[in-house]
Asker: 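Structure in structure tokens, see below.
Below, all heavy atoms of this structure are taken into account, side chains as well, without hydrogens, waters or symmetry copies. A note on names: the letters A, B, ... follow the listed sequences, proteins ahead of strands, and every chain is numbered from 1.
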Amino acid sequence: MDTAERKRLITRHTEEVVTEEELEELLSEPNPSIYIGYAPTGEMHIGHFTTIRKLADFLRADLDVTVLIADLHAHLDDEKSPFDLLEARSEYYRTAIEAMVEAAGARSEDIEFVNGTEFELDQPYTLELYRLLADTTISRAQRAGSEVVRQSENPKLGGLAYTLMQSLDVAALDADIAYGGIDQRGIYMLAREILPEHGHDKPLCLFAPLLSGLSGGKMSASEAGSGVRLSDDPETVSEKINGAYCPQGEVEDNGVLEYLQHLVFPILEEAGESFVIERPEQYGGDIVYEEYGSLEADFVAGELHPQDLKGATGETIAEIIAPIRARFETEPELLDRAYPDE
RNA sequence: CCGCUCUUAGCUCAGCCUGGUAGAGCAGCCGACUGUAGAUCGGCUUGCCCCCCGUUCGAAUCGGGGAGAGCGGACCA
């Protein structure tokens with residue numbers, strides 16, 4: 001596989017590469033590596049899946065892929081996860097991520113998993129962390145983490161340590177590329193700024209798009225109806241899609257279209273399938289789309305009605321998450337232990 | 001260590017002074033209207049009023065004790 005093809009695989013369906021030149025250069029070196037970190041907090045949803053799907057592309061492009069289960073981070077961020085649940089949630093996250101990778105057509109054994117507590121408590125790491133703490137202003141760290149760390153009237157120090165630790169993780173895991181949702185941009189830009197000052201390599205960054213919530217705002221793990229959970233059954237998926245904010249002809253803040261663009265079509269494309277919308281004769285009969293662009297064009301032109309679109313979208317998404325959902329039906333205790341109060 | 005403030009619906013808070021067992025906004029749910037959703041209109045749900053003890057016929061409200069949170073001061077001879 002040539003460099004151009006590898007680059008295409010790595011960057012397709014992403015939001016931003018920092019920088020393309022650096023990526024091309026990196027791909028000429030042996031064994032380039034990429035990592036993504038997840039703080040095991042709320043239950044995973046299809047937004048996570050859009051991001052994790054890409055790991056299959058990275059493997060195809062012959063990158064070394066590491067997934068960090070950032071257990072400490074889950075607690076440092078305003079104690080989103082109680083300390084006592086870190087282990088259970090880490091286990092759930094790892095299983096869910098493995099299932100997503102498998103569903104994306106790759107082998108989860110090809111990915112290296114590491115928990116934060118396996119190295120973030122070691123002396124070299126903590127010493128380096130203290131040096132970063134000594135060298136970074138509060139406002140700089142706050143700004144970098146503002147899209148990731150929970151903001152509150154009385155912010156804890158943990159949120160600031162979180163940001164520096166995530167920056168340091170890139171170096172500690174020896175990753176050439178830091179990958180994550182575009183919300184992580186602030187933190188990794190900080191990493192690019194401060195890691196070289198402390199004798200580490202400047203990481204490349206690759207960002208995935210974030211999906212809007214179905215009610216118009218950002219998708220949130222804590223807001224039950226705002227996104228499709230991986231554990232939702234087909235009926236629930238359809239209900240959520242049917243209830244989504246989806247103004248006719250409008251693309252802005254339209255969660256349904258975003259799901260199609262960033263999740264459904266990329267998967268169909270990979271599988272060589274097309275998107276079939278069943279539609280009553282009175283509204284024009286069934287219609288088939290091969291790619292997202294023409295669907296959006298029809299939608300904007302008013303030739304595709306939201307209700308027809310929602311039906312097909314719900315069904316397709318339910319099929320997409322079916323294998324992941326099945327994984328947890330065989331081991332329901334994974335979810336029960338991770339979220340005992342739900 | 002000392003002082004002050006706060007704790008009431010999922011969230012933000014009002015009510016407390018002048019006791020009569022609780023309200024608003026937002027959220028949520030259900031209808032109407034749109035071939036979806038939203039918006040709009042109509043309707044509805046929800047509470048250990050932080051805990052314990054006391055006063056009282058009656059305590060969210062008054063008194064005492066305690067817990068949690070926030071802020072400030074002091075200590076730095």
Asker: So which nucleotide does B/rC1 pair with, by the Watson-Crick or G-U wobble rule with both distances under 3.5 Å?
Answerer: B/rG73

Asker: Could you measure between the two C1' atoms, the one in B/rC17 and the one in B/rA59, and give it in whole Å?
Answerer: 15 Å

Asker: Taking the C1' atom in each of B/rC2 and B/rA74, what is the distance between them to the nearest angstrom?
Answerer: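 Their C1' atoms lie roughly 7 Å apart.
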
Asker: From CG of A/L309 over to P of B/rG38, roughly how many Å is that when rounded to an integer?
Answerer: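 A/L309 atom CG is separated from B/rG38 atom P by 16 Å.
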
Asker: Looking only at atom P, what distance separates B/rC11 and B/rA77, rounded to whole Å?
Answerer: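 About 46 Å, rounded to a whole number of Å.
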
Asker: Counting side-chain heavy atoms from CB outward, which of B/rG35, B/rG38, B/rC71 is closest to A/N154?
Answerer: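 Nearest listed nucleotide: B/rC71.
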
Asker: Taking the basic N atoms (NZ, or NE/NH1/NH2) and the acidic carboxylate oxygens, is any pair closer than 4.0 Å for A/K202 and A/E193?
Answerer: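 Salt bridge between A/K202 and A/E193, a charged N being under 4.0 Å from a carboxylate O: no.
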
Asker: Report which part of the nucleic acid A/Q282 touches: base, sugar-phosphate, or nothing (heavy-atom distance under 4.0 Å, all strands).
Answerer: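 It contacts nothing in the nucleic acid.
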
Asker: Determine which nucleotide pairs with B/rC41, using a 3.5 Å limit on both distances of a Watson-Crick or G-U wobble pair.
Answerer: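 Its partner is B/rG31.
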
Asker: Determine the interatomic distance between P on B/rC44 and the same-named atom on B/rC48; round to the nearest Å.
Answerer: 22 Å

Asker: Heavy atoms, side chains only, cut-off 4.5 Å: are A/F275 and A/E290 in contact?
Answerer: no

Asker: Take atom CD of A/E239 and atom P of B/rA37, then tell me their distance rounded to the nearest Å.
Answerer: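 In whole Å, B/rA37 P and A/E239 CD are 13 Å from each other.
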
Asker: Without decimals, in angstroms, what is the distance between A/K156 NZ and B/rG70 C1'?
Answerer: 10 Å

Asker: Rounded to whole angstrom units, what separation is found between the OH atom of A/Y283 and the C1' atom of B/rG35?
Answerer: 4 Å

Asker: Determine the interatomic distance between P on B/rC4 and the same-named atom on B/rG65; round to the nearest Å.
Answerer: 12 Å

Asker: Under the salt bridge (Lys or Arg N to Asp or Glu O under 4.0 Å) rule, what do A/E91 and A/R94 come out as? Steps first, then yes or no, please.
Answerer: CA-CA 5 Å; A/E91 196 181 345; A/R94 174 167 178 160; over 6 Å; no

Asker: Using whole Å, report how far CD of A/E153 lies from P of B/rC6.
Answerer: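 Those two atoms, CD and P, are 15 Å apart.
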
Asker: Rounded to the nearest Å, what distance is computed from the CG atom of residue A/L304 to the P atom of nucleotide B/rG35?
Answerer: 17 Å

Asker: In whole angstrom, give me the gap between the P atoms of B/rA22 and B/rA9.
Answerer: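 Taking atom P in both B/rA22 and B/rA9, they lie 14 Å apart.
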
Asker: Considering every strand shown, what is the Watson-Crick or G-U wobble mate of B/rC57 when both distances are under 3.5 Å?
Answerer: B/rG20

Asker: Say we look at B/rG28 and B/rU34: how far apart would their P atoms be, to the nearest angstrom?
Answerer: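 To the nearest whole Å, 23 Å.
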
Asker: Measure from the side-chain heavy atoms of A/Y245 and tell me the nearest of B/rU36, B/rA37, B/rG35.
Answerer: B/rA37

Asker: What do the steps show when you test A/D57 against A/R12 for salt bridge (Lys or Arg N to Asp or Glu O under 4.0 Å), and what is the final call?
Answerer: CA-CA 9 Å; A/D57 278 341; A/R12 65 175 175 174; 2.7 Å; yes

Asker: For the pair made of CZ in A/R150 and C1' in B/rC11, what is the distance, rounded to whole Å?
Answerer: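 These atoms are roughly 13 Å apart.
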
Asker: Does any nucleotide pair with B/rA9 by Watson-Crick or G-U wobble geometry, both distances under 3.5 Å, and what is it?
Answerer: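 Checking every strand shown, B/rA9 finds no partner, since no pair has both distances under 3.5 Å.
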
Asker: Relative to the ring of A/Y292, is the ring of A/F265 parallel (under 30°), tilted (30 to 60°) or perpendicular (over 60°)?
Answerer: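 Rings of A/F265 and A/Y292: perpendicular, over 60°.
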
Asker: In whole angstrom, what separates A/Q307's CD from B/rA37's C1'?
Answerer: 10 Å

Asker: Find the partner of B/rC48: check Watson-Crick (N1-N3 plus N6-O4 or O6-N4) and G-U wobble (N1-O2, O6-N3) distances, both under 3.5 Å, and reply none if neither fits.
Answerer: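 Base-paired to nothing in any strand shown.
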
Asker: Which base, if any, makes a Watson-Crick or G-U wobble pair with B/rU36, both distances under 3.5 Å?
Answerer: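 Because no pair has both required distances under 3.5 Å, B/rU36 counts as unpaired.
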
Asker: Is it true that the side chains of A/E291 and A/S294 contain a donor and an acceptor less than 3.5 Å apart?
Answerer: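 Side-chain D/A pair, A/E291 to A/S294: present.
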
Asker: Would you measure the distance from the C1' atom in B/rG19 across to the matching atom in B/rU61 and give it in whole Å?
Answerer: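 After rounding to an integer number of Å, I get 6 Å for this pair.
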
